Student: 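My structure is below; once you've seen it, I'll send some questions.
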Amino acid sequence: MMSLKNYLLPLLLAAMVSPVAYAGDIYIWGDCNSWNISDGYKFATQDGETYILNLDKLEGQFQIIDNDGGWTKWASPADRNLVPDFGGVYRLSTTSTKNINWNASGYTASLPYVELVFKRSTGELQVRRQLFLRGSATSWDRLDASTRMTTLDGNYYTLDVPSFPISGETFKVAAYDWSTDNGILRPQEIATPIGVGTWYDLTDKSRSGVGDTEKTVYVEVDASTTYQTWRGFGASDAWSPQFVGEYWTGCRGNIARLLFSQKLGADGQPEGIGLSMWRVNLGAGSREQGEASGISDYRRRQQSFFTDSWTYDWNKCAGQRYFMDQAKNYGVESILFFSNSPLVQMTNNGRALKTPGQDVGYSNLSNQHYDGFADYLATVAKYFYDLGYPIKYISPINEPQWLWDGKNTQGQEGSPYTVWETAHLVRKLNQKLDDKGLSNVGIIIPESARYDFMYQSVSGYAYGEKDANGNMTPGRSDLMWLHFNPDKNKYGNADTDYYYLGDLSHVNNTIAGHSYFTDSSWETLRWHRQKLNEKRSITNVTPLEVWQTEWCHMSDSYEDLPDVNAGSGMQLSMEMSRVIHCDITVANVSSWSYWVCMDSDCPVRYTLIHLNRNGSNDLYTEGTYSAARTLWTLGNYSLFIRPDYKRIGLNYIESKDFFATAWLSPNSSRLVIVYTNFGDAKLLDYKPFGMQSEPSKVTTYTTSENKELQALTVAPGDYVKLDKFSVTTVVYDF
């Protein structure tokens with residue numbers, strides 16, 4: 001390990017009477033009157049106490065020696081509030097609130113901690129969050145022995161710092177007017193506010209950002225901290241692609257390019273959004289039934305590969321097969337087959353949705369056809385797998401909580417499933433996949449209609465409830481616990497272990513759900529996803545992997561968009577980005593899919609690509625199409641965060657108006673960071689930690705009101721600009 005003296009750069013802090021700091025020494029304001037130097041040790045003081053740091057112990061943790069009435073050693077940094085932070089970056093902080101008396105004004109303020117960060121990778125000592133210096137009541141000028149250095153909640157205090165100190169220089173800060181509010185100091189005017197979340201590098205004047213129109217945001221990447229491994233971004237082919245792929249021959253190729261292409265044009269502009277997952281609806285055969293299907297909207301009726309003579313016809317589903325071909329040709333990594341309803345030949349009523357009042361809450365799949373339907377799903381997967389299609393997953397059940405009884409849900413195929421019906425079908429399918437040698441095909445369950453059905457027992461959908469007639473209701477909630485908790489005695493029922501699916505070879509400890517109706521505000525987003533992550537972490541021996549498999553703007557209003565139908569394309573996109581971010585960072589999902597990729601006769605809020613029928617009465621006649629802004633915003637994620645990328649640490653000040661995630665490629669040659677900025681334009685000051693080298697190429701891709709993944713090359717080391725009200729992907733190639 002290199003000597004720490006060679007890392008540390010001089011730093012001038014408030015406690016120092018002299019403006020000169022010795023290289024290698026860390027000073028923090030305190031009451032110490034002398035600074036002793038001895039071999040192997042450097043000294044630092046903190047308000048009211050003296051700490052001595054053993055710098056030889058930086059690797060892994062600090063060793064602290066308290067020189068207050070004797071020598072005492074602590075084994076852990078936590079014992080004296082010396083906090084290790086993100087893989088080799090160490091933080092000195094007072095975590096408790098201090099009461100500090102300002103002699104100049106007579107005020108007393110309760111102040112949070114002083115916080116310094118030492119970056120071992122660069123040798124820089126930095127002040128994190130908002131630093132400000134207390135001078136006289138009327139001016140802020142030179143640092144001297146009477147000034148204090150403190151930090152306060154970033155919601156209240158900021159600085160105007162025209163230059164940063166190196167040896168022999170001082171801060172110069174903006175003027176403030178002060179008054180008291182219940183004894184707490186608050187600035188009434190801020191000459192030049194620089195914003196919450198700004199970090200300042202005390203060793204690099206060129207990176208102050210002051211004088212620029214944009215506010216500077218400091219972000220530090222921590223490659224040593226890792227989270228989930230990514231599986232893919234996707235969208236569904238339900239329902240209109242069956243018509244576009246078969247009848248819209250003039251424009252279907254361009255639509256496929258928008259969805260699947262990963263290619264960049266000669267000008268560096270992306271051709272498409274590079275989906276890495278394509279969800280293919282294995283229909284139940286309602287389209288062949290026409291009006292007799294009971295499904296009122298012809299667009300929602302789906303073909304199947306099955307016939308009334310119980311044979312397979314692989315020429316059917318031509319439109320869907322077209323987009324499957326395109327997905328394969330463009331290099332989409334995985335195709336997921338999903339089923340909304342059992343085949344009409346195998347349901348209790350011969351339809352792809354139930355009859356009102358029919359066995360409320362129970363599946364429409366006939367008891368005698370569980371084996372047959374599982375065989376159908378596995379046979380279709382085997383057929384296309386052998387043809388070279390990337391068939392990776394089968395989802396046999398979709399939104400099992402809804403009744404799909406033709407009363408309020410007559411618009412599409414569907415069937416409910418109880419927990420034991422789900423378990424029965426999944427066990428059959430697991431065996432069929434083994435029988436057909438499809439060891440690499442996984443089973444995704446249960447595509448819950450909402451997140452809360454996964455992490456808790458919901459009244460009306462709970463296992464063991466009694467209805468108004470005293471009959472036990474079928475369980476269709478608390479699915480994480482019922483399907484993945486190996487405790488067979490939780491319900492005192494000998495059949496409880498039958499619900500448990502965590503031991504199946506194709507289920508892979510993975511559960512999927514839809515994030516509809518849990519997204520109306522930042523707090524709502526985070527609350528539901530925190531609950532989901534908590535249950536994910538405690539349900540099984542190994543934390544469950546969670547997939548988000550369907551989302552679009554189903555909610556009618558959002559925190560910043562009270563009327564969703566009145567929102568612009570970019571407003572809708574920004575709300576979507578909030579959902580994606582919280583699903584990824586709070587729920588820790590490993591896959592994320594949009595719902596319908598294209599549709600007509602519906603609000604643009606529901607689709608990535610809008611189909612215009614041009615006066616025709618149906619989708620059998622070709623029309624035109626237009627890409628929604630949500631397509632390109634999804635592309636900020638899907639085109640660049642590829643399967644097997646790993647999410648890594650990102651240290652910054654997150655809020656509902658500014659958030660980001662960082663991803664590293666499997667060979668560490670590419671770093672991808674996706675930023676969403678609801679506020680004014682910002683300059684991004686990026687620092688890597690744990691990367692092996694500096695980037696050789698930096699490219700940004702911006703989606704905003706007037707940009708669609710617009711590419712821009714940035715010289716390594718220069719600022720990256722984040723546009724106002726935008727989503728920007730920054731790609732660092734090493």
Side-chain angles (χ1 to χ4, degrees), residues 234-260 272-273 275 278-307 313-330 332 335-341 343-344 351-353 380 384 389 398 410-414 550 552 593-628 630-631:
S236 166
D237 78 347
W239 293 276
S240 296
Q242 63 179 313
F243 301 101
V244 174
E246 187 169 1
Y247 302 109
W248 292 41
T249 56
C251 60
R252 64 185 183 181
N254 291 332
I255 292 175
R257 184 180 300 112
L258 286 173
L259 293 170
F260 303 133
I273 66 169
L275 294 177
W278 186 234
R279 296 179 68 239
V280 177
N281 184 5
L282 293 186
S286 60
R287 183 172 163 187
E288 291 92 321
Q289 293 179 320
E291 293 290 337
S293 66
I295 296 174
S296 57
D297 190 340
Y298 77 96
R299 296 172 303 165
R300 304 312 194 239
R301 304 168 192 156
Q302 290 275 173
Q303 289 181 308
S304 76
F305 292 105
F306 216 50
T307 71
D313 183 351
W314 301 113
N315 293 316
K316 295 174 68 177
C317 308
Q320 292 179 274
R321 286 189 288 108
Y322 172 82
F323 280 101
M324 285 179 61
D325 287 340
Q326 295 302 303
K328 181 179 73 169
N329 294 339
Y330 275 109
V332 172
I335 289 176
L336 182 154
F337 286 142
F338 74 99
S339 169
N340 289 327
S341 164
L343 293 167
V344 295
R351 290 184 174 184
L353 77 170
V380 174
F384 287 102
Y389 291 82
N398 183 72
Q410 71 274 22
Q412 69 171 78
E413 299 181 345
E550 280 189 21
C552 68
S593 290
Y594 197 81
W595 177 213
V596 292
C597 64
M598 65 187 81
D599 211 342
S600 65
D601 298 329
C602 65
V604 176
R605 70 191 243 200
Y606 292 128
T607 62
L608 300 177
I609 298 172
H610 193 71
L611 304 175
N612 307 299
R613 292 190 288 107
N614 289 345
S616 66
N617 292 323
D618 55 50
L619 291 174
Y620 293 95
T621 302
E622 183 167 13
T624 60
Y625 68 94
S626 57
T630 47
L631 175 93

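Owing to the predicted nature of the structure, the values given are computational and were not obtained by experimental measurement.
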Student: With Asp599, which residues qualify under salt bridge (charged side-chain N to carboxylate O under 4.0 Å, His left out), at least two apart?
Tutor: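 Scan of Asp599 (salt bridge (charged side-chain N to carboxylate O under 4.0 Å, His left out), adjacent residues dropped) gives Arg299, Arg300.
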Student: Mind checking side-chain hydrogen bond (donor to acceptor under 3.5 Å, both in side chains) for Arg605 and listing every partner two or more places apart, or none if nothing turns up?
Tutor: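 Listed in chain order: Asp556, Asn565.
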Student: Tell me if a side-chain donor or acceptor on Glu622 pairs with a main-chain N or O of Gly250 at a distance below 3.5 Å.
Tutor: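 Checked: pair present.
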Student: Assess the residue pair Tyr298 and Leu619 against the criterion (side-chain contact (heavy atoms from CB on, under 4.5 Å)); give the C-alpha distance rounded to whole Å, side-chain angles, the decisive distance to 0.1 Å, and a yes or no.
Tutor: CA-CA 10 Å; Tyr298 77 96; Leu619 291 174; 3.8 Å; yes
Student: Under the side-chain hydrogen bond (donor to acceptor under 3.5 Å, both in side chains) test, which residues partner Arg287, sequence neighbours left out?
Tutor: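 Applying side-chain hydrogen bond (donor to acceptor under 3.5 Å, both in side chains) to Arg287 gives Gln242.
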Student: List the steps and the verdict of side-chain hydrogen bond (donor to acceptor under 3.5 Å, both in side chains) for Asp237 and Asn281.
Tutor: CA-CA 6 Å; Asp237 78 347; Asn281 184 5; 5.3 Å; no
Student: Applying salt bridge (charged side-chain N to carboxylate O under 4.0 Å, His left out), name anything that partners Arg279, two or more places apart in sequence or on another chain.
Tutor: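 In terms of salt bridge (charged side-chain N to carboxylate O under 4.0 Å, His left out), with neighbours along the sequence ignored, Arg279 is linked to Glu447, Glu550.
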Student: Stepwise, does the side-chain contact (heavy atoms from CB on, under 4.5 Å) test hold for Ile255 with Phe323?
Tutor: CA-CA 10 Å; Ile255 292 175; Phe323 280 101; 4.2 Å; yes
Student: Testing Val604, Ile609, Leu608 for side chain to side chain contact (heavy atoms under 4.5 Å, CB included) with Thr630, which one passes?
Tutor: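 For Thr630, the side chain to side chain contact (heavy atoms under 4.5 Å, CB included) test succeeds with only one of Val604, Ile609, Leu608, which is Leu608.
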Student: Sequence neighbours excluded, which residues qualify as salt bridge (charged side-chain N to carboxylate O under 4.0 Å, His left out) partners of Lys316?
Tutor: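 By the salt bridge (charged side-chain N to carboxylate O under 4.0 Å, His left out) rule, Lys316 matches Glu288.
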Student: Can you list everything that forms a side-chain contact (heavy atoms from CB on, under 4.5 Å) with Asn617? Sequence neighbours excluded, please.
Tutor: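 In terms of side-chain contact (heavy atoms from CB on, under 4.5 Å), with neighbours along the sequence ignored, Asn617 is linked to no residue.
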Student: Which residues satisfy the ring pair (Phe, Tyr, Trp, His ring centres under 6.0 Å) test with Trp248, sequence neighbours excluded?
Tutor: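 So Trp248 forms no ring pair (Phe, Tyr, Trp, His ring centres under 6.0 Å) with any residue.
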Student: Could you go through the side-chain contact (heavy atoms from CB on, under 4.5 Å) check for Val380 and Trp314 one step at a time?
Tutor: CA-CA 9 Å; Val380 174; Trp314 301 113; 4.1 Å; yes
Student: Which residues pass the ring pair (Phe, Tyr, Trp, His ring centres under 6.0 Å) test with Phe260, not counting sequence neighbours?
Tutor: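 With neighbours one apart ignored, the set is Trp278.
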Student: For Ser593, which residues count as a side-chain hydrogen bond (donor to acceptor under 3.5 Å, both in side chains) partner, sequence neighbours excluded?
Tutor: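 Not a single residue meets the side-chain hydrogen bond (donor to acceptor under 3.5 Å, both in side chains) criterion with Ser593.
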Student: Among all residues two or more places apart in sequence or in another chain, which pass the ring pair (Phe, Tyr, Trp, His ring centres under 6.0 Å) test with Tyr247?
Tutor: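 For Tyr247, the residues satisfying ring pair (Phe, Tyr, Trp, His ring centres under 6.0 Å) (neighbours in sequence not counted) are Tyr620.
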Student: Tell me, please, which residues at least two apart from Ala318 pass side-chain contact (heavy atoms from CB on, under 4.5 Å).
Tutor: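 Result, side-chain contact (heavy atoms from CB on, under 4.5 Å) vs Ala318: Glu246, Arg321.
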Student: Restricting to side-chain hydrogen bond (donor to acceptor under 3.5 Å, both in side chains), what partner residues turn up for Asp325, sequence neighbours left out?
Tutor: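 In terms of side-chain hydrogen bond (donor to acceptor under 3.5 Å, both in side chains), with neighbours along the sequence ignored, Asp325 is linked to Tyr389.
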